[in-house]
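Shown next, in structure tokens, is the structure this report addresses.
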Amino acid sequence: MCDEETINKPSDFIREAVAEDLKNGRFNYVRTRLPPEPNGYLHIGHVKAFMIDYLIAKENGGELILRFDDTNPAKEETEFVEAIMDDARWLGIEWVKVTYASDYFDELYEWAKKLVMMGKAYVDDQTPEEVSANRGTLTEPGKNSPFRDRDVEENLDLLERMKNGEFPDGSRILRAKIDMAHPNINMRDPAMYRIIHEPPHHRTGSKWKIYPMYDWAHGQNDSMEGITHSLCSLEYENHRPLYEWFPEQLGVFKPRQIEFARLNLTYTVMSKRKLRRLVEEKHVSGWDDPRMPTLRAMRRRGYTAEAIHDFIRRVGVAKNYSVSDVSLLEACVREDLNKTSLRRMAVIKPLKVVIDNYPEGQTEEMDAVNNPEDPNAGTRKVPFSKVIYIEQDDFRETPPPKYYRLFPGNEVRLRYAYFIKCTHVVKDDKDEVVEVHATYDPTTRGGDSADGRKVKSTIHWVSAAHAKEAEIRMYDRLFTKEDPEEGDEGFLACINPNSLQILTGYVESHLAAPEAGSRYQFERLGYFCADPDSTSEKPVFNLTVNLKDAWAKLEKKSGK
RNA sequence: UGGGGUAUGGUGCAAUGGCAGCACACCAGCCUUUGGAGCUGUGGAUCUUGGUUCGAAUCCAGGUACCCCAGCCA
């Protein structure tokens, strides 16, 4: 009955509201805005907001404006403007223009004067402490400022002099005159402008000595740009009465603000402050450390934009406070990479295997499939010889129950090569197995036996003589607790000491000189992405996400 | 003890008065030259108490829990 388009079209309370606004004529077009503050790098939490703004505009034939919210020179830098645009472009977000809150400082100032002339705003000479004390509490009303009823001329004069830098920081503010007894504290004569002499603004330099507060700037910028839907997170719900009050007084275009729950992820912290601590206190190597939830880090780690889009789509949009499971993100990454990435063989914890009955000095070229999910990816030749490396996990001297891999007397398949059977091992003086010996069956070339004999396991390998040494960076969750902020010790107390393991392994020759950013599946291990740290001497690979591992799960369950 | 919000399987999201469904996770099986992928199947949820109704996750009333707000941050 219903066609697929109807079924697959995302639907949520915001899209419904937008559709309703269009239908009933409140607006006859859709324009949204992306309002990042250029004071840090984008993280996965921002992506949800970005996708909502971008897609809702796009779905309605509307447009998106990228507007940097640069109203506080103390915190903002041009460096972040560039980084944010780079990340947003990588995500595939398109905007019709880039603007800055600071583009509107002049006009905004005129609007402020208009409010002053209307008797709706005044200059307050109280100290910050007095302003705070007179604001009242959650349960008690505030007290009017003694400067609240200054006449218009004086207010105008003072405001102009504030702008000209005649007064020191913190000595005066411009306030909207609303209601000091309002039950919503945001309506108790909120500050509109504060005095800031230093540092210079990243775009307007030293022109301005006063800067608008978020509540004053953001909504008016929305109005000036003809934004129809100003979509933001739940904590701004309390600000909506103020958001609507200003344009109402001014008699200007009134956008509609709609709030939704921000994205949270298990085993992750998302606040800029906490992320900054991780970087500054060197718990990670930087903002692009692959363990970080920043987009730069996720890109470096090998996540695709498609997988991230899919994740955001599956998380949905609602007003519930929620914490999404990071395993959903990982599932999205696996699903995308499974279809697209080339398979390669790599051994990350090598164990030497000598095939005693294989001719010394002989090399064969084995045919290997590049991607079983994609026939067009073709095949490649992989060299095989007498001495190979296999994964330490793929050999046990004394196998536990249900262990199908290599152990003395057992036969397994070397992927795309031969069946081999373990004959004996060589140990060092610490009783550790350092070398495994085996024999191969020449009639099983390619991996199929002539007599129909079955093996229970197929393992990967690389030829010792042809392998390239590589650095493998194995990443795990940065925190050991689902909610790192839970408890009294703070998030730094539950940092996972094993979130990064650096291994030296061997990769097949096709991986000897990878292009940075190229993605592969290392068979039976996981998805890996070549890191920019790679050199011609030694390639470096980051674990993007591991493959699901039924054996590891089984072993864990049996209480290893 | 003010105001604004939110409550549906373990997690996230649907169901807009008419059989509570989807995804991830979990569990079992099939298949497999990746213990991957794929396929099949099982289990498990409407915060609570009343009310309206033939029928309530949905409407009404009361309660409970949790989140946000007292920056000259955004």
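All heavy atoms count here, side chains included; hydrogens, waters and symmetry mates do not. A note on names: the letters A, B, ... follow the listed sequences, proteins ahead of strands, and every chain is numbered from 1.
- In terms of position on RNA chain B, the residue among Leu138(A) and Gln521(A) whose nearest nucleotide sits closer to the 5' end is Leu138(A).
- By the rule that a glycosidic angle within 90° of 0 means syn, rG62(B) does not qualify and counts as anti.
- Here the separation of rC26(B) from rG41(B), taken at their C1' atoms, is 14 Å to the nearest Å.
- When heavy atoms are screened at a 4.0 angstrom cut-off, Arg314(A) is found touching the sugar-phosphate backbone but no base atom.
- The environment of NZ in Lys319(A) is crowded: more than 12 heavy-atom neighbours from other residues, nucleotides or ligands sit within 6.0 Å.
- Across Asp124(A), Asp125(A), Asp189(A), Asp179(A), a single residue satisfies salt bridge (Lys or Arg N to Asp or Glu O under 4.0 Å) together with Arg148(A), and that is Asp189(A).
- Checked for salt-bridge contact, Glu485(A) and Lys274(A) meet the test: a charged N lies under 4.0 Å from a carboxylate O.
- Protein atom CG of Asn320(A) is 16 Å distant from nucleotide atom P of rU46(B), rounded to whole Å.
- The same atom, P, is picked in rC13(B) and in rU6(B); the two are 13 Å apart, to the nearest Å.
- Distance noted for atom P between rA7(B) and rU16(B): 15 Å (whole Å).
- Remark: rG17(B) base-pairs with no nucleotide in the shown strands. Criterion, Watson-Crick or G-U wobble with two distances under 3.5 Å.
- For rA45(B) and rG21(B), the P atoms lie 12 Å apart once the distance is rounded to whole Å.
- Looking at heavy-atom distances under 4.0 Å, Val323(A) makes contact with sugar-phosphate atoms alone, never a base.
- Within 4.0 Å of Arg135(A), counting heavy atoms only, lie sugar-phosphate atoms of the nucleic acid but no base atom.
- Contact annotation for Ser132(A): backbone-only contact, meaning every heavy-atom pair under 4.0 Å involves sugar-phosphate atoms and none involves a base.
- Looking at Arg380(A) and Glu508(A), a side-chain N of the basic residue comes within less than 4.0 Å of a carboxylate O on the acidic one, giving a salt bridge.
- Within the nucleic acid shown, Val369(A) has no heavy atom closer than 4.0 Å to any nucleic acid atom.
- Put simply, CD on Glu391(A) is 15 Å from C1' on rG36(B), counting in whole angstrom units.
- As rounded to the nearest Å, rA70(B) and rC60(B) have P atoms that lie 31 Å from one another.
- By the neighbour-count criterion of 12 heavy atoms within 6.0 Å, atom NZ of Lys421(A) is sparsely surrounded, having that number or fewer from other residues, nucleotides or ligands.
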- For Tyr403(A) and Glu555(A), run side chain to side chain donor-acceptor pair (under 3.5 Å): C-alpha distance rounded to whole Å, both residues' side-chain angles, the deciding distance at 0.1 Å, then the answer. CA-CA 9 Å; Tyr403(A) 188 85; Glu555(A) 197 179 29; over 6 Å; no

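- Counting any heavy atom pair closer than 4.0 Å across all strands shown, His239(A) reaches a base atom.
- Rounded to whole Å, the separation between the C1' atoms of rU1(B) and rU52(B) comes to 34 Å.
- Proximity note for Asn338(A) (side chain, C-beta onward) versus rA37(B), rG35(B), rA25(B): the nearest is rA37(B).
- Figure legend. rU46(B) is base-paired to no nucleotide; pairs are counted as Watson-Crick or G-U wobble with both atom distances under 3.5 Å.
- Contacts of Glu330(A) with the nucleic acid, taken as non-hydrogen atoms under 4.0 Å apart, are absent.
- In this structure rC66(B) sits in a base pair with rG5(B), meeting the Watson-Crick or G-U test at under 3.5 Å.
- With distances taken from any side-chain atom of Asn184(A) to the nucleotides rC13(B), rG3(B), rG36(B), the minimum falls on rG3(B).
- Contact of Arg405(A) with rG35(B) (side chain to base): a donor-acceptor pair of N or O atoms is detected under 3.5 Å.
- Across rA37(B), rC68(B), rA70(B), the shortest atom-to-atom separation from the side chain of Glu373(A) is found for rA37(B).
- Nearest-nucleotide mapping onto RNA chain B: of Ile185(A) and Ala318(A), the residue sitting toward the 5' end is Ala318(A).
- rU64(B) and rU48(B): their P atoms are spaced 15 Å apart (whole Å).
- When rounded to the nearest whole Å, the span between OH of Tyr404(A) and P of rU32(B) equals 14 Å.
- Taking the six-membered ring for Trp and the full ring otherwise, the centers of Phe528(A) and Phe541(A) sit at least 6.0 Å from each other.
- Side-chain atoms of Arg343(A) lie closest to rU34(B) of the nucleotides rU34(B), rA74(B), rC72(B).
- The side chain of Lys548(A) approaches rA37(B) more closely than any other nucleotide in the set rA37(B), rC26(B), rC73(B).
- Regarding contacts with the backbone of rU11(B), every side-chain N or O of Ser327(A) stays at 4.0 angstrom or more from both OP1 and OP2.
- For Glu237(A), whose side chain is taken as the heavy atoms from C-beta onward, the closest listed nucleotide among rG5(B), rC13(B), rG10(B) is rG5(B).
- When the C1' atom is used for both rC22(B) and rG9(B), the distance is 12 Å, rounded to whole Å.
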